[in-house]
A.B. asks: 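For reference, the structure I am asking about is given below.
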Amino acid sequence: MNKDKQFVITINREVGSGGRTVGRLLAERLKVKYFDKALIAKLTEKFGLSVEEIERIKAKKKTWWNEFNTYYTTLINSAHLPMEGEVKLTTSSMFETEKAILQELARKESCVVAGRSGFLVFRDWPNTLSIFIQASMKHRIDRLMTKRGINEQEALDVIHSMDESRETYIHKYDDTSRYDTRNYQLVLSMDDMTPEAAVEVIMAYISKMS
């Protein structure tokens, strides 16, 4: 990936690994937009977007980009984005809608995308870096207990539920696994690493690639 050209960085992560924080910090460091599941859900709801609506907008050369930029800034600066796991998108066409939205946004400018389908959405996209962020079960449990104020069993239940749902989601649309490292150029373990340190590792990797 060449950071001097328009790019997309996708981050898949295990819940409780801190990958969402890494993605946000990386976007800030690179001075590009950050998109995750929660933001796309809010965007879809706000603008009533679907695959069909996006195609109509493109066909008419009509854009919601300026309005979106204002809306995006408001959301990012607010404290009201839901935690991962609280966003429920269940329609059968949601993957295609998410894909269309993310690819349309990526055509506008460079971005960091955190989410379970990012590596699929941008698998054949030019100038892309795909990253997987993982951690030991203890690290994940401890982080969730701290972040969500829940006990150990509740954290374990969240992890098992989300691991299963994310893997099922991937299998629904492609014959691969999010744990298959061949889907990524870079895999990081967060056990002995802060999100800030992870960003430094990623930046160093990008510099070597450029």
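Residues take their numbers from the sequence shown, with the count starting at 1.
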A.B. asks: Where do D142 and K147 land on the salt bridge (charged side-chain N to carboxylate O under 4.0 Å, His left out) test, with the steps shown first?
C.D. replies: CA-CA 9 Å; D142 289 347; K147 294 283 287 184; over 6 Å; no

A.B. asks: For the pair S161 (side chain) and D157 (backbone), establish whether a donor and an acceptor sit closer than 3.5 Å, ignoring hydrogens and angles.
C.D. replies: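 It does not hold such a pair.
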
A.B. asks: D36 side chain to A114 main-chain N or O, any donor-acceptor pair under 3.5 Å?
C.D. replies: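 Such a contact is absent between D36 side chain and A114 backbone.
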
A.B. asks: Using atom types as modelled and distance alone, determine if a side-chain donor or acceptor of N183 lies under 3.5 Å from a backbone N or O of S177.
C.D. replies: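 Yes, N183 side chain to S177 backbone: donor-acceptor pair under 3.5 Å.
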
A.B. asks: Only counting residues at least two apart or in another chain, list the ones meeting ring-ring contact (aromatic ring centres under 6.0 Å, His included) with F7.
C.D. replies: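 Partners of F7 by the ring-ring contact (aromatic ring centres under 6.0 Å, His included) criterion come out as none, since no residue qualifies.
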
A.B. asks: Identify the residue among L26, V113, L129 that makes a side-chain contact (heavy atoms from CB on, under 4.5 Å) with I11.
C.D. replies: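 Single side-chain contact (heavy atoms from CB on, under 4.5 Å) partner of I11 among L26, V113, L129: L26.
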
A.B. asks: Strictly by modelled atom types, are E167 and H171 linked by a side-chain donor-acceptor pair under 3.5 Å?
C.D. replies: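 Distance-only check passes for E167 and H171.
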
A.B. asks: Using the rule given for salt bridge (charged side-chain N to carboxylate O under 4.0 Å, His left out), can you reason through E200 versus R29, listing the C-alpha separation, both sets of side-chain angles and the distance that settles it, and then say yes or no?
C.D. replies: CA-CA 10 Å; E200 293 301 326; R29 178 72 173 272; 2.6 Å; yes

A.B. asks: Checking side-chain polar atoms at under 3.5 Å, does R123 have a donor or acceptor matched by the opposite partner on T176?
C.D. replies: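 There is no such pair between these side chains.
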
A.B. asks: So, D191 side chain and A135 main chain: donor-acceptor pair closer than 3.5 Å or not?
C.D. replies: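 Looks like no, no N/O pair under 3.5 Å.
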
A.B. asks: Between Y184 and F132, what is the ring plane arrangement, given parallel below 30°, perpendicular above 60°, and tilted in between?
C.D. replies: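 Ring orientation, 0 to 90° scale: parallel.
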
A.B. asks: Please evaluate residues T21 and R143 with respect to the criterion side chain to side chain donor-acceptor pair (under 3.5 Å), reporting the C-alpha separation (whole Å), side-chain torsions for both, the decisive distance (0.1 Å), and the verdict.
C.D. replies: CA-CA 12 Å; T21 302; R143 184 177 175 84; 3.1 Å; yes

A.B. asks: Mind listing the closest non-hydrogen atom pair of E196 and L25 along with its distance?
C.D. replies: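 What the structure gives for the nearest pair is OE2-CD1, 3.9 Å.
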
A.B. asks: For a side-chain contact (heavy atoms from CB on, under 4.5 Å) with V15, tell me which candidate from M162, R20, H160 qualifies.
C.D. replies: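 Only one of M162, R20, H160 forms a side-chain contact (heavy atoms from CB on, under 4.5 Å) with V15, namely M162.
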
A.B. asks: Rounded to the nearest 0.5 Å, what separates atom CD in Q103 from atom CH2 in W125?
C.D. replies: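 With rounding to 0.5 Å, CD (Q103) is 4.5 Å from CH2 (W125).
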
A.B. asks: Show your working on salt bridge (charged side-chain N to carboxylate O under 4.0 Å, His left out) between R140 and D163 and close with a plain yes or no.
C.D. replies: CA-CA 12 Å; R140 298 169 71 191; D163 281 354; 2.7 Å; yes

